[in-house]
Amino acid sequence: MNESWDGLLLDCRLATLAGNGIAFGLIDDGALGWKDGHIVFAAPMSALPGRPDALAREVHSARSALVTPGLIDCHTHLVFAGDRAAEFELRLNGASYADIAKAGGGIVSTVTNTRAASEDDLLAQSLTRARTLLADGVTTLEIKSGYGLDLENETKMLRVARRIGDELGIGVRTTFLGAHAVPPEFAGRQSDYVDEVCIHMLPKIAHSGLADAVDAFCENIAFTPSETRRVFETARAHGLPVKLHADQLSDQGGAALAAEFGALSADHLEYTNEAGIGAMAAAGSVAVMLPGAFYTLRESTLPPIETFRRHGVALAVASDLNPGTSPLLSLRQAMNMACTLFRMTPEEALLGTTVHAARALGLGDRGTLASGQRADFVIWNASHPAELCYWIGGALARQVFVGGHRAAGAA
Ligand code: DI6
Ligand code: FE
């Protein structure tokens, strides 16, 4: 009995994404077995090494449903307090994102709300959003700080992010984004704030173990390339990998800067030039597409998808869930937008929320359905993987499994 698998799912259409040369790594009439939280079998039913009930303690039929790896949202700002619906209205009346930021609104208004919230209140507000993502198939989530902008509140955000992982039993990777905006108490003293981030905040956060990576917002309305470089040098000195909000609103050479530091990813990239893309390819950095922000800001410059393809840069897709530029509570919707707005293929979009998203987080143990990978998977009310990108809205996930267990917080 000790040898037996914990679970076996029969009669599924497996989108393994395991790179076997077949689109989506599709296996029809497939079976998926798992034990101790890891996949032990992902292959055609005909290859099962014995009778199902002799192989596993629990056997279920997926009744021909599509099964994919759990989705991975590799770029979110999910922990925050309040909302910015009023700013949405201002933008509809003609104000730009940059106008609002310059007038002291934007990110800074979320900072005020996030600082005022207690840790438990922040957790409660953020958990609602995390449950929504989980219910539609997200089993691993990256969460950035960046609305605290002082040691106490950045730490509070990162603790809340970790508590979300504990509470829902899902994978959470945390990213320190102290260089997101200049807080009001440093208004007009941006370089002093960069000192604060590099000399005081980042070392303490690195020491606390609360951050898995470091990010910065490199933009003409945020931090300059040389300030970003200081943050990255500090991250490197503390052994933390970096990511970058790069070239979202203008070409800052952000992609090349990220690549120089061997970044896990550079994200947004609407204005990235070809030299930056070549540097990312050489560094193996993932390009994270964030169509929710593109859509919300009514951006018209498309990210150079074809150039990324030509250079063989891996493309990921994420929600960028945040209260300002991407109040997007669905990773599947981001996949839909990546196809419709950016002309990515459904297979690229699904690779972008599984295999490539895992890579953007430095995780090698998830993102495909293959022996040895974590048993994070989703049974969908769908029969073909393209449907995950095709349907707009709705809730398609039938059952979500994390580490071989039915996710408690999911619908
Ligand atoms: N780029 C973005 O799109 C978000 N942060 C960033 O650096 C926006 C965050 C916000 O507006 O609250
Ligand atoms: Fe972002």
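Treat the numbers as computed from the prediction; the structure is a model and nothing was measured. Counting starts at 1 for both ligands and their atoms, following the listed order. The residues of the chain are indexed from 1 along the displayed sequence. Below, all heavy atoms of this structure are taken into account, side chains as well, without hydrogens, waters or symmetry copies.
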Chemist: Taking 4.0 angstrom as the limit, do R374 and D36 come out as a salt bridge?
Modeler: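 No, this pair does not count.
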Chemist: Does NZ or CZ of R332 fall inside the cone over Y390's six-membered ring, less than 6.0 Å from its centre and within 45° of the axis?
Modeler: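 Geometry flag: not set, cation outside 6.0 Å or 45°.
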Chemist: Has H268 got an N/O/S atom less than 2.8 Å from the Fe ion (ligand 2)?
Modeler: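 It does not; every qualifying atom lies at 2.8 Å or beyond.
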Chemist: Can you tell whether the side chains of R13 and D29 come within less than 4.0 Å, N to carboxylate O?
Modeler: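 Looking at R13 and D29, the cut-off is not met.
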Chemist: Please determine whether a side-chain nitrogen of the Lys or Arg among E119 and R163 lies less than 4.0 Å from a carboxylate oxygen of the Asp or Glu.
Modeler: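 Answer for the salt bridge query: yes.
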Chemist: Pick out which of R173, K144, K243 makes a salt bridge (Lys or Arg N to Asp or Glu O under 4.0 Å) with D215.
Modeler: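 Per the salt bridge (Lys or Arg N to Asp or Glu O under 4.0 Å) rule, the option paired with D215 is K144, out of R173, K144, K243.
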Chemist: Kindly tell me which protein residues have any non-hydrogen atom under 4.0 angstrom away from an atom of ligand 1, grouped by chain and ordered by number?
Modeler: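 H77, R84, Y97, I107, Y147, H180, F217, H245, Q248, H268, D320, N322, G324, T325.
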Chemist: Between E152 and R115 (salt bridge meaning N to carboxylate O under 4.0 Å), is one present in this structure?
Modeler: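 Salt bridge flag = no for R115 with E152.
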Chemist: D320 pairs by side chain to side chain contact (heavy atoms under 4.5 Å, CB included) with which of L328, T76, T325?
Modeler: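 Exactly one candidate clears the test, T325.
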Chemist: What is the name of the N/O/S atom in H77 that sits closest to the Fe ion (ligand 2)?
Modeler: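 Nearest to the Fe ion (ligand 2) within H77's N, O and S set: NE2.
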Chemist: Return yes when at least one N/O/S atom of D320 is nearer than 2.8 Å to the Fe ion (ligand 2), and no when none is.
Modeler: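 So D320 does bind the Fe ion (ligand 2) by this criterion.
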